[in-house]
Amino acid sequence: MKKPVLYIVIPCYNEQEVLPITSGMFLQKLRDLAAAGKVSEESRVLFVNDGSKDDTWRIIRQLAEQDEHFLGVSLSRNRGHQNALLGGLMAAKERCDVTISIDCDGQDDINAMDEMIDAYLDGCEIVYGVRSRRDTDTFFKRFTAEGFYHLMNWLGAQIVFNHADYRLMSSRALNEFANFKEVNIFLRGMVPMVGFKSTSVYYERAERIAGESHYPLKKMLALAFDGITSLSVKPIRLITGLGVVVSVLSFIGVLWALIAALAGHTVAGWASTVCMVCFMGGVQLLCLGVIGEYIGKIYMETKHRPRYILSEKTWDKDE
Ligand code: UDP
Ligand code: MG
């Protein structure tokens with residue numbers, strides 16, 4: 001079999017402190033993988049500059065001049081981690097057989113790439129890098145992040161627990177992924193929708209080598225909110241559920257008001273007012289839920305996601 005061409009795709013935003021350190025590590029990993037005969041000599045490290053305001057793009061251009069194994073693309077402005085990564089993967093997919101996406105701050109263990117490539121050579125089209133431990137995270141980050149994964153799964157988005165954006169994707173998987181045309185993207189929730197043979201590789205996540213995280217709590221919450229609303233219409237269903245609960249409660253409320261009125265414990269007009277308020281509350285929430293169901297359907301339709309992806313055909317004999 002021909003050795004696969006690997007592109008390591010790395011989004012970078014204001015990373016002038018880490019880039020000079022980690023670029024060498026990525027290059028060395030690429031060389032080791034090629035020396036071990038696992039990937040082709042044509043493999044490359046592709047940096048995506050996400051509209052950085054510092055020297056990041058200048059550093060990337062310098063690296064590309066110094067060594068042909070380094071390539072770079074630059075976004076016209078800052079579009080956020082997910083878009084930058086997608087841009088890089090789409091630029092890479094025509095030029096390679098397989099990609100590995102990774103952050104540029106050295107937090108994700110590059111040695112897991114060996115195992116990822118092994119899984120790819122074994123027929124996997126997608127390999128998820130999963131953090132085995134979160135010791136280096138603060139209690140707060142661990143608590144919020146793990147809670148987020150549970151919440152996402154509960155809401156019906158099947159994301160891989162403790163997997164971020166360190167993953168291998170074959171160009172085949174990427175070509176299918178390119179048919180997901182939605183604008184609000186949350187890659188780790190969307191990639192599993194592609195299907196195909198996939199597996200997980202475990203690694204330990206380290207501290208950032210230098211520089212600062214670009215994911216303060218505010219951005220993390222925004223990412224979580226984006227992830228939930230772009231993958232799941234369950235929040236709308238919750239409204240319907242709430243409508244049912246409120247309707248039942250208001251029914252009880254109506255009975256109570258009637259009984260109290262008949263028993264003569266109330267002032268005139270109280271029972272009818274309470275009945276109206278309870279009734280309207282229940283009906284309105286239920287109606288909102290029904291309208292929401294339709295909006296949810298429209299929302300999913302507007303994404304124009306592929307309805308299915310074929311993985312094999314019996315009449316395809318070229319493999
Ligand atoms: N990043 C990006 N655009 C942004 C923010 C971040 O491309 O607007 C990149 C960043 O350079 C890094 C990766 O996304 O390679 C993850 O960011 P960071 O390490 O700050 O997040 P954390 O690891 O703290 O969650
Ligand atoms: Mg990081």
Side-chain angles (χ1 to χ4, degrees), residues 1-11 26 29-30 33 38-40 42-48 71 73 81-103 108 110 112-131 152-153 157-203 227 230-231 303-314 316-319:
M1 194 174 107
K2 204 173 119 288
K3 285 181 204 157
V5 176
L6 165 69
Y7 269 46
I8 302 178
V9 179
I10 308 168
F26 292 123
K29 185 85 243 165
L30 208 60
L33 285 168
K38 291 184 183 182
V39 303
S40 151
E42 299 299 307
S43 299
R44 297 285 182 269
V45 178
L46 173 64
F47 293 107
V48 184
L71 300 174
V73 288
H81 176 205
Q82 300 286 296
N83 286 309
L85 180 51
L86 181 69
L89 290 173
M90 290 300 129
K93 80 178 180 0
E94 311 299 340
R95 308 167 64 101
C96 66
D97 301 304
V98 57
T99 60
I100 293 180
S101 53
I102 188 168
D103 292 352
D108 300 316
I110 51 173
M113 287 189 190
D114 295 80
E115 226 180 297
M116 286 183 170
I117 294 289
D118 287 343
Y120 168 75
L121 295 174
D122 203 35
C124 288
E125 305 280 349
I126 302 173
V127 184
Y128 303 99
V130 175
R131 290 166 217 184
M152 288 297 288
N153 278 322
Q158 272 148 14
I159 60 175
V160 178
F161 192 70
N162 268 342
H163 158 70
D165 283 302
Y166 184 18
R167 82 175 80 78
L168 174 146
M169 283 181 85
S170 68
S171 58
R172 183 180 179 209
L174 283 172
N175 278 320
E176 297 295 350
F177 190 72
N179 293 324
F180 288 71
K181 300 286 186 205
E182 55 212 81
V183 179
N184 292 299
I185 53 167
F186 182 64
L187 295 176
R188 71 191 80 162
M190 291 164 64
V191 170
M193 289 186 200
V194 175
F196 293 131
K197 186 173 170 187
S198 47
T199 187
S200 297
V201 159
Y202 296 84
Y203 69 95
S230 61
L231 287 168
K303 289 180 185 276
H304 294 296
R305 283 178 182 161
R307 273 160 290 188
Y308 55 81
I309 295 168
L310 298 184
S311 77
E312 272 159 274
K313 305 187 201 83
T314 54
D316 240 6
K317 293 283 184 236
D318 49 13
E319 283 201 66

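As the structure is a computational prediction, the values presented were derived from the model and not from experiment.
The shortest distance between side-chain heavy atoms of H81 and D103 falls below 4.5 Å. Looking at heavy atoms from C-beta onward, Y120 lies out of side-chain contact with L6 at the 4.5 angstrom threshold. Taking the side chain as every heavy atom from C-beta outward, F196 and E176 approach each other to under 4.5 Å. Looking only at side-chain heavy atoms (C-beta outward), M169 and N175 stay at 4.5 Å or farther from each other. The side-chain heavy atoms of V5 and R44, taken from C-beta on, include no pair separated by under 4.5 Å. You'll find the side chain of F177 stays beyond 4.5 Å of the side chain of L89, heavy atoms only. Residues K197 and S311 fail the side-chain proximity criterion, which asks for heavy atoms closer than 4.5 Å.
When atom types are taken as modelled, the side chain of K2 and the backbone of S40 share no donor-acceptor pair closer than 3.5 angstrom.
Distance check: M190 CE to L86 CG gives 7.5 Å after rounding to the nearest 0.5 Å. Rounding to the nearest 0.5 angstrom, the gap separating the CD1 atom in I8 from the CG atom in L30 is 5.0 Å. Atom NZ of K38 and atom CD1 of I117 lie 8.0 Å apart (nearest 0.5 Å). Summarising the geometry, atom CG belonging to L168 is positioned 12.0 Å from atom CD belonging to E115; distances are rounded to the nearest 0.5 Å. Rounding to the nearest 0.5 angstrom, the gap separating the CD1 atom in I185 from the CD atom in Q82 is 6.0 Å. The CG atom of L85 lies 10.5 Å from the CD1 atom of I10; values are rounded to the nearest 0.5 Å.
When all heavy atoms of A92 and Y7 are compared, the closest pair comes out as CB-CD2, 3.7 Å. Scanning both residues, M90 and L174, for their nearest heavy atoms gives CE-O, 3.9 Å. Minimum heavy-atom separation, K93 to S171: O-CB, 3.7 Å.
Only one option out of V201, T99, D108, V191 pairs with R167 in a side chain to side chain contact (heavy atoms under 4.5 Å, CB included); it is V191. If you run side chain to side chain contact (heavy atoms under 4.5 Å, CB included) between I126 and each of S198, P192, S200, only S198 comes through.
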Practice prompt. Take S43 and L33, measure what side-chain contact (heavy atoms from CB on, under 4.5 Å) needs, and give me the verdict at the end.
Written response: CA-CA 9 Å; S43 299; L33 285 168; over 6 Å; no

Fill in: M113 and I102: CA distance, side-chain angles, deciding distance, side-chain contact (heavy atoms from CB on, under 4.5 Å) verdict
CA-CA 10 Å; M113 287 189 190; I102 188 168; 3.9 Å; yes

Worksheet item: Given M116 and V98, is the side-chain contact (heavy atoms from CB on, under 4.5 Å) satisfied, shown in steps?
Response: CA-CA 11 Å; M116 286 183 170; V98 57; over 6 Å; no

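The environment of F161 atom CZ is dense: over 12 non-hydrogen atoms of other residues, nucleotides or ligands sit within 6.0 angstrom. Residue-environment remark: CZ (R95) stays at or below the threshold of 12 foreign heavy atoms within 6.0 Å.
By the ring-ring contact (aromatic ring centres under 6.0 Å, His included) test, Y166 pairs with Y203, sequence neighbours left out. N179 is linked by a side-chain hydrogen bond (donor to acceptor under 3.5 Å, both in side chains) to nothing, counting only residues two or more places apart in sequence or in another chain.
In this structure, D97 does not pair ionically with K3, as no charged nitrogen and carboxylate oxygen lie closer than 4.0 Å.
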